[in-house]
Structure formats: C-alpha cells, structure tokens
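If you're wondering where the values come from, they're calculated on a predicted model, not measured in any experiment. Only heavy atoms go into these numbers, but all of them, side chains included; no hydrogens, no water, no symmetry mates. Indexing begins at 1, ligand by ligand and atom by atom, following the structure's order.
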Amino acid sequence: MTVIRAARALLPEGWARDVAVTLGPDGRIARVETGVAGAPPVALLPALSNLHAHSFQRAMAGLTEARGPDPRDSFWSWRDLMYRFAARLTPEQVEAVAEWAFVEMLEAGFAAVAEFHYLHHAPGGDPYAEPAELSARVMAAAARAGIGLTHLPTLYTHGGAGRAPLSPGQARFGCDPDRFARLLEGARAAARALPPDARVGAAAHSLRAVDPEGLAALVAMAPEGPLHIHAAEQPKEVADVQAQLGARPVDWLLDHAPLDARWCVIHATHMTEAETARLARSGAVAGLCPITEANLGDGLFPAPAFLAAGGRFGVGSDSNVRIDAAEELRTLDYGQRLRDCARCALAERGSTGRALYDAALAGGAQALGRDAGALAPGLWADLMALDLRDVALDGLEGDAMLDAWVFAGAPRPVAVWSAGRAVVAEGRHPRREAAAAAFLAARRALLAG
Ligand SMILES: [Zn+2]
C-alpha cells in the first residue's frame with residue numbers, strides 16, 4: 001500500500017488540511033484521512049483527463065506556423081501539411097512520437113488520455129498484416145509511459161462531405177465499416193495486455209468522413225464505452241454538412257445519433273443558440289481543445305450559454321502543438337473574455353480556476369469512460385501534487401491556489417499518479433530522456449524525408 005501525504009488536498013467536500021491518501025494494490029484510492037501529522041508542503045488534486053489527442057501530430061508541432069504561398073492559408077492548408085506528414089510515419093515512429101507526447105501529458109498533469117486514432121494503415125492505404133498494428137503501437141507507448149489510455153479507433157470512410165473519395169493523403173485513414181470492424185476487434189484484443197484502467201471505445205471522424213449508414217454501423221459495433229466525433233469545428237465544415245445532410249452538424253447528430261452521456265462531441269465550436277442548448281441537455285460532453293482551436297483559428301465555443309443550459313465539458317490537447325493542462329483552461333477562459341468583453345464568465349460564482357478545474361475533471365472522466373475525477377475511495381488514483389513552496393502558490397489557500405495555477409504561474413506538478421502508477425516524481429517522468437531521444441530520432445527522419 002502506498003500512502004501519499006499532502007498539506008492540502010482537494011476532496012469532494014472541499015479543501016482539506018494534512019491529508020493522507022492510501023492507494024490500493026489495484027490502483028484505486030483505498031482511503032482518505034485528514035488531520036494526519038507530517039504532511040509535506042504539497043497540494044494534492046485529482047488529475048485531469050485529456051479527452052482528445054492525436055498523438056502523432058506532436059511530431060509536427062511548431063512546423064506549420066509560416067504562411068504558405070496560398071493567400072487563403074488556413075485550417076485547410078494546415079490539414080494538407082498534416083496529411084503529408086502522416087503519409088510517411090512508420091509504426092516505430094508512431095510509437096516513439098506517441099510515447100513522447102504521453103510523457104509530456106503526464107508531466108503537464110494529465111493522468112489519462114483519449115487517443116482519437118485514425119492513422120490505421122500502411123503508407124498508400126494497404127492494411128498491415130495485423131489490421132490494428134498502429135493501435136497496438138499507441139497502446140505500447142501508453143503502457144511504457146504509464147498514462148491511462150482510452151483508445152478510440154476511428155472510422156474514416158470518405159474524403160469529404162458528399163461521400164467524396166479519399167485523397168492520397170487520407171489513404172492511411174480509410175475504412176469502410178467491414179474493414180473497421182476487423183480493426184476494432186484487433187484493437188480490443190491488443191488492449192487486453194494493458195492495465196485494467198485502459199478502455200477501448202470508438203469514434204467517427206466527422207460527418208464529412210463518415211456517412212449516416214457508417215455512423216449507424218459504428219454505433220452498433222460499440223454498444224458500450226465512449227463514442228466520440230469531431231463536429232462543427234470550422235464554418236466550412238458546417239456549410240458542407242448542411243449542403244449534404246440538410247442540417248448543421250450538431251443539429252444533425254442530435255436528430256439522428258443516440259447522443260447521450262457516452263458521447264463526446266469534439267469542438268462543437270459553431271453552434272446556433274438552439275443547438276447549444278440541445279447539446280447541453282443531451283448529456284454529451286463538449287470536447288474543447290482551446291490551444292489547438294486558437295492555433296487553427298477555429299473560433300470560440302459558446303461556453304456561457306452552454307453552461308447555463310447545464311452542459312458538460314472537458315479539455316483535450318488535440319494537435320498537441322502545446323501540451324499544458326493549465327494553459328488549456330486559461331486559453332478557454334481568455335477566449336470567452338475577449339469575445340464577450342467580460343471577466344470570469346465561466347464561474348457561476350467564486351473562483352474561475354476552481355470552476356474550470358471541476359468541470360474539466362468531471363467532463364474529462366466522463367468522456368474517457370474512466371472512474372476518476374475526484375479524490376475519493378473507489379476511484380482510480382489519478383492524482384497530481386503541486387509544490388506549495390512554488391512562487392506562484394506560496395501563501396495561498398483554497399481555490400486561490402487553482403486560480404494561481406491556471407492564470408498566474410502554472411507550475412508543473414511535482415508528482416503525478418495514473419491509476420496508482422507513480423509516473424512523475426520530482427517533476428520528471430523517468431523515461432523523459434529515453435522518450436525524447438526516440439522522438440527526436442523520429443522527427444529528424446521525418447524532416448529529412
Ligand atoms: Zn481532433
């Protein structure tokens with residue numbers, strides 16, 4: 001039994017002093033006690049789940065920030081570059097890039113990740129001998145890094161709205177439902193080697209890439225576990241889907257897919273007021289990726305209206321251009337402030353940092369289908385410890401610590417546990433050097449190619 005002591009801890013009933021948390025051998029929280037002597041100066045919090053990532057995209061972070069010859073340079077030219085990069089990755093490189101991204105997520109305070117995985121096949125589009133080869137590579141990376149994994153094999157059939165054929169850059173993504181069923185089965189088999197907190201759900205890439213029949217087939221293949229889909233990220237996508245299906249993407253999903261608490265709608269940026277309220281009432285999580293959405297110029301999520309209607313959200317690192325849990329929350333809030341010329345719009349009352357953190361804890365755990373999100377017995381021990389001697393936190397109490405963490409200093413956690421696995425100690429992941437070296441070798445090879 002591991003016992004973690006902390007001078008302050010965020011429990012379901014609020015902040016507590018001098019806490020001892022006992023971890024069971026199964027990776028779950030066994031006991032929480034307060035008023036225990038000898039606690040070190042750390043604040044222990046439930047750790048966030050990163051609800052949306054494409055780990056391979058970490059390899060192109062920072063490489064798409066120059067304007068190209070196309071004066072309409074935008075999301076769509078970013079996507080072209082991503083395709084060119086994705087076309088060359090070997091299975092070994094996929095694994096190396098994923099492990100490094102997972103190490104960075106853990107060091108940033110994310111204990112778990114939902115990997116939205118659509119890079120399936122060999123270059124050119126032929127299946128690997130084992131159809132779920134690249135799912136298994138991502139799983140191996142997650143196992144080595146120790147991050148909690150919700151793996152989401154992703155159906156991707158068409159190259160665009162109107163059942164357009166796949167472009168050469170999309171060949172590695174493509175599956176019809178039959179091919180996808182074999183891949184999903186392979187991923188489920190591979191996941192049996194993972195620790196018991198790992199899960200396999202499923203995803204549809206988008207209503208551009210998946211037709212209504214494909215979406216229905218996917219839902220039938222995944223009778224339980226998380227279901228994710230990108231929707232309404234860009235105005236062009238909304239227009240394309242409206243032209244093809246006769247409805248805006250979120251409206252269409254609400255009318256034609258069994259949207260409920262198993263679902264996570266990624267981005268949901270461009271919604272009408274009615275869509276916003278309907279999505280909130282569905283119980284689905286809105287999967288917000290504020291840093292990526294800012295980087296890609298997607299637009300701003302209508303957070304105040306969504307929250308007023310009882311909506312749930314979490315945050316994801318998506319393109320992984322930056323991996324930083326506090327920065328995701330800060331970017332989310334600053335976007336709303338800039339649009340609305342208002343401050344602290346996402347806190348019903350009191351602390352914005354606390355409101356953001358509580359919402360992202362609950363929404364992230366729900367989106368991953370993970371028994372986590374609170375420091376309470378029976379849940380997976382997903383925890384992070386912040387050093388109370390850090391200049392950003394020293395002398396602060398209660399929710400002011402979270403406000404300072406999100407908005408003022410964002411110190412990295414000194415320790416992180418994922419389902420009881422001690423994955424970060426003294427601010428470092430034990431595989432930081434080895435994983436960085438493998439990542440850099442992969443990126444050098446990709447840049448040389
Ligand atoms: Zn995405």
Side-chain angles (χ1 to χ4, degrees), residues 49-61 64 74-83 85-86 89 94 97-98 101-102 105 110 112-120 134-135 138 149-160 169-170 172-174 201-210 215 218 226-238 240-241 249-250 253 263-270 284-301 313-325 328 331-332 360 363-364 367-368:
S49 294
N50 177 358
L51 59 60
H52 186 68
H54 313 284
S55 57
F56 76 88
Q57 293 179 11
R58 183 61 176 152
M60 53 184 276
T64 65
S74 70
F75 173 84
W76 304 97
S77 52
W78 172 87
R79 199 181 64 158
D80 285 345
L81 199 82
M82 185 268 281
Y83 288 171
F85 221 70
L89 282 158
V94 167
V97 175
F102 295 155
M105 288 174 198
F110 288 120
V113 61
E115 172 77 7
F116 193 109
H117 177 80
Y118 57 85
L119 185 63
H120 296 310
L134 295 185
S135 282
V138 170
L149 180 68
T150 291
H151 188 66
L152 303 170
T154 300
L155 178 62
Y156 195 125
T157 307
H158 305 296
Q170 296 164 323
R172 298 187 74 178
F173 314 155
H205 181 272
S206 59
L207 293 176
R208 289 180 281 123
V210 176
L215 185 62
L218 176 79
L227 283 165
H228 291 211
I229 186 167
H230 292 120
E233 179 178 10
Q234 290 267 332
K236 180 179 185 301
E237 173 210 340
V238 174
D240 286 353
V241 170
V250 173
L253 284 169
W263 285 75
C264 181
V265 179
I266 306 300
H267 304 304
T269 309
H270 298 281
V285 175
L288 309 181
C289 309
I291 295 173
T292 296
E293 288 156 7
N295 183 268
L296 296 180
D298 286 344
L300 292 167
F301 178 76
F313 74 84
V315 292
S317 61
D318 194 1
S319 70
N320 298 307
V321 63
R322 279 271 294 155
I323 296 177
D324 188 317
E328 294 290 357
T331 305
L332 168 62
L368 268 68

**Q** For T157, give me all partners under side chain to side chain donor-acceptor pair (under 3.5 Å), at least two apart in sequence or on another chain.
**A** none
**Q** Evaluate the ring planes of H230 and H54, with Trp represented by its six-membered ring, and classify them as parallel (under 30°), tilted (30 to 60°) or perpendicular (over 60°).
**A** tilted
**Q** Please check if any side-chain donor atom of S55 sits under 3.5 Å from a side-chain acceptor atom of E115, or the reverse.
**A** yes
**Q** The criterion is side chain to side chain donor-acceptor pair (under 3.5 Å); which residues satisfy it with H151, sequence neighbours excluded?
**A**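 Scan of H151 (side chain to side chain donor-acceptor pair (under 3.5 Å), adjacent residues dropped) gives S135.
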**Q** Please name all residues satisfying side-chain contact (heavy atoms from CB on, under 4.5 Å) with T154, sequence neighbours left out, ordered by chain then number.
**A** F116, Y118, A203, H205
**Q** Verify the ring-centre separation between H267 and H270: is it less than 6.0 angstrom?
**A**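 No, ring centres 6.0 Å or more apart.
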**Q** Show all protein N/O/S atoms under 2.8 Å from the Zn ion (ligand 1), or state that there are none.
**A** H52 NE2, H54 NE2, H230 NE2, D318 OD1
